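Keep in mind that this is a model prediction, so the values were computed, not measured. Numbers here are sequence positions counted from 1.
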Amino acid sequence: MVQLLYLRYLASCPIEEIQCVTQTRRRVRCRDKVLGSGALRGMWSLVPVSAQRGQLALPSDVMAVYSLSALPYQEQLRWRSQRCLQHDATPTAGDLAVADWELFDPLRHHEHIHTRLPAHRRRPGPGSPAPRQAHS
């Protein structure tokens, strides 16, 4: 779950794996990640689960969201368009894929509501075990 530009979205994969949608010069999809090295990072937080007016009460009061709300507007636009840092700086580069965001609906996507923050993970160093996946 990602919050950007005042809306909540479901990503099709974990935050760390969201791939750039841009076509490279070799006419293949860019393999870089939106959350690449040097990118501004959001932060996980627990936020109220907001049901729309007239909907039934939801089973939980809060949910974990990767919030980009504190980032500059331009950075949130980069995330929304799903571009890596390099291709965001090249606005003439065409997209090879459609951005994988789906607008979050708390009733339709209730299985994605997590009431705990994901465990903090560090990038693996030489000889360290692979990190566990935390899905968004």
Side-chain angles (χ1 to χ4, degrees):
M1 182 82 51
V2 176
Q3 182 166 315
L4 63 123
L5 300 172
Y6 300 106
L7 296 172
R8 292 180 187 158
Y9 294 93
L10 282 178
S12 63
C13 58
I15 298 297
E16 300 84 9
E17 299 301 317
I18 298 173
Q19 185 178 351
C20 180
V21 297
T22 307
Q23 177 176 313
T24 67
R25 291 182 182 161
R26 296 182 182 179
R27 301 194 186 280
V28 296
R29 183 173 176 176
C30 174
R31 293 183 183 198
D32 291 342
K33 306 298 183 210
V34 175
L35 184 63
S37 63
L40 296 175
R41 297 180 180 272
M43 79 181 221
W44 284 101
S45 59
L46 292 174
V47 298
V49 177
S50 54
Q52 302 298 322
R53 183 181 295 193
Q55 288 181 342
L56 298 172
L58 296 166
S60 58
D61 294 333
V62 295
M63 66 180 182
V65 170
Y66 188 74
S67 178
L68 301 169
S69 299
L71 300 183
Y73 178 72
Q74 195 62 36
E75 183 68 3
Q76 292 184 59
L77 287 177
R78 182 182 75 78
W79 273 83
R80 179 64 180 94
S81 64
Q82 203 170 318
R83 287 178 164 239
C84 66
L85 289 171
Q86 178 184 349
H87 286 116
D88 186 54
T90 314
T92 57
D95 291 348
L96 186 64
V98 177
D100 293 329
W101 301 113
E102 182 176 352
L103 199 56
F104 175 73
D105 179 316
L107 292 178
R108 280 191 17 220
H109 302 118
H110 60 87
E111 69 274 10
H112 296 285
I113 296 175
H114 301 286
T115 58
R116 293 186 178 153
L117 296 174
H120 291 292
R121 292 167 305 200
R122 294 183 180 165
R123 295 198 181 270
S128 62
R132 291 188 340 210
Q133 286 288 351
H135 294 281
S136 317

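One distance of note links CZ of R41 with CD of E16; it measures 8.0 Å at 0.5 Å rounding. In this structure, K33 NZ and C13 SG are separated by 7.5 Å, a value rounded to the nearest 0.5 Å. Here the CZ-CD distance, from R31 to Q19, works out to 8.0 Å after rounding to the nearest 0.5 Å.
By the side chain to side chain donor-acceptor pair (under 3.5 Å) test, Q23 pairs with no residue at all, sequence neighbours left out. Residues satisfying the side chain to side chain donor-acceptor pair (under 3.5 Å) test with S45, not counting sequence neighbours, are none.
With hydrogens and angles ignored, the 3.5 Å screen pairs a side-chain donor or acceptor of R78 with a backbone N or O of R83. In this structure, Q82 contributes its side chain and V34 its backbone to no donor-acceptor pair below 3.5 Å. With Q3 contributing its side chain and S69 its backbone, the two residues share no donor-acceptor pair below 3.5 Å. Side-chain atoms of Y9 never come within 3.5 Å of backbone atoms of L4 as a donor-acceptor pair (strictly under, hydrogens ignored). Judged by distance alone, the side chain of R29 and the main-chain N or O of C20 form a donor-acceptor pair under 3.5 Å. A donor-acceptor contact shorter than 3.5 Å links the side chain of W101 to the backbone of W79.
Here the shortest heavy-atom pairing between L107 and H110 reads O-CD2, 3.0 Å. T22 and G94 make their closest contact through CG2-O, 3.2 Å (heavy atoms, listed as atom of the first residue, atom of the second, distance). Of all heavy-atom pairs spanning C84 and D32, the tightest one is CB-CB, 3.7 Å.
Both V47 and F104 are assigned to one and the same hydrophobic cluster, defined by single-linkage of ILVMFWY side chains at heavy-atom distances under 4.5 Å. In the hydrophobic clustering of ILVMFWY residues, with side-chain heavy atoms under 4.5 Å counting as a link, Y66 and L77 come out together. Placement of V2 and M43 in two distinct hydrophobic clusters is found when ILVMFWY residues are connected by side-chain heavy-atom separations under 4.5 Å, directly or transitively. V49 and V65 fall within the same hydrophobic cluster, defined by Ile, Leu, Val, Met, Phe, Trp and Tyr side-chain heavy atoms under 4.5 Å apart, directly or through other members. By the rule that hydrophobic residues join a cluster once side-chain heavy atoms approach within less than 4.5 Å of another member, L68 and L103 end up as members of one cluster.
Annotation: side chain of Y73 is in contact with side chain of L5 (closest heavy-atom distance under 4.5 Å). The shortest side-chain heavy-atom distance between M1 and L10 falls under the 4.5 Å cut-off. Between W44 and I15, some side-chain heavy-atom pair lies under the 4.5 Å cut-off. Residues T24 and L96 fail the side-chain proximity criterion, which asks for heavy atoms closer than 4.5 Å. Using a 4.5 Å heavy-atom cutoff, the side chains of I18 and L35 are not in contact. Contact check for R108 versus E102: side-chain heavy atoms found under the 4.5 Å cut-off.
Identified under the salt bridge (charged side-chain N to carboxylate O under 4.0 Å, His left out) test for residues 4-15, with sequence neighbours left out: none.
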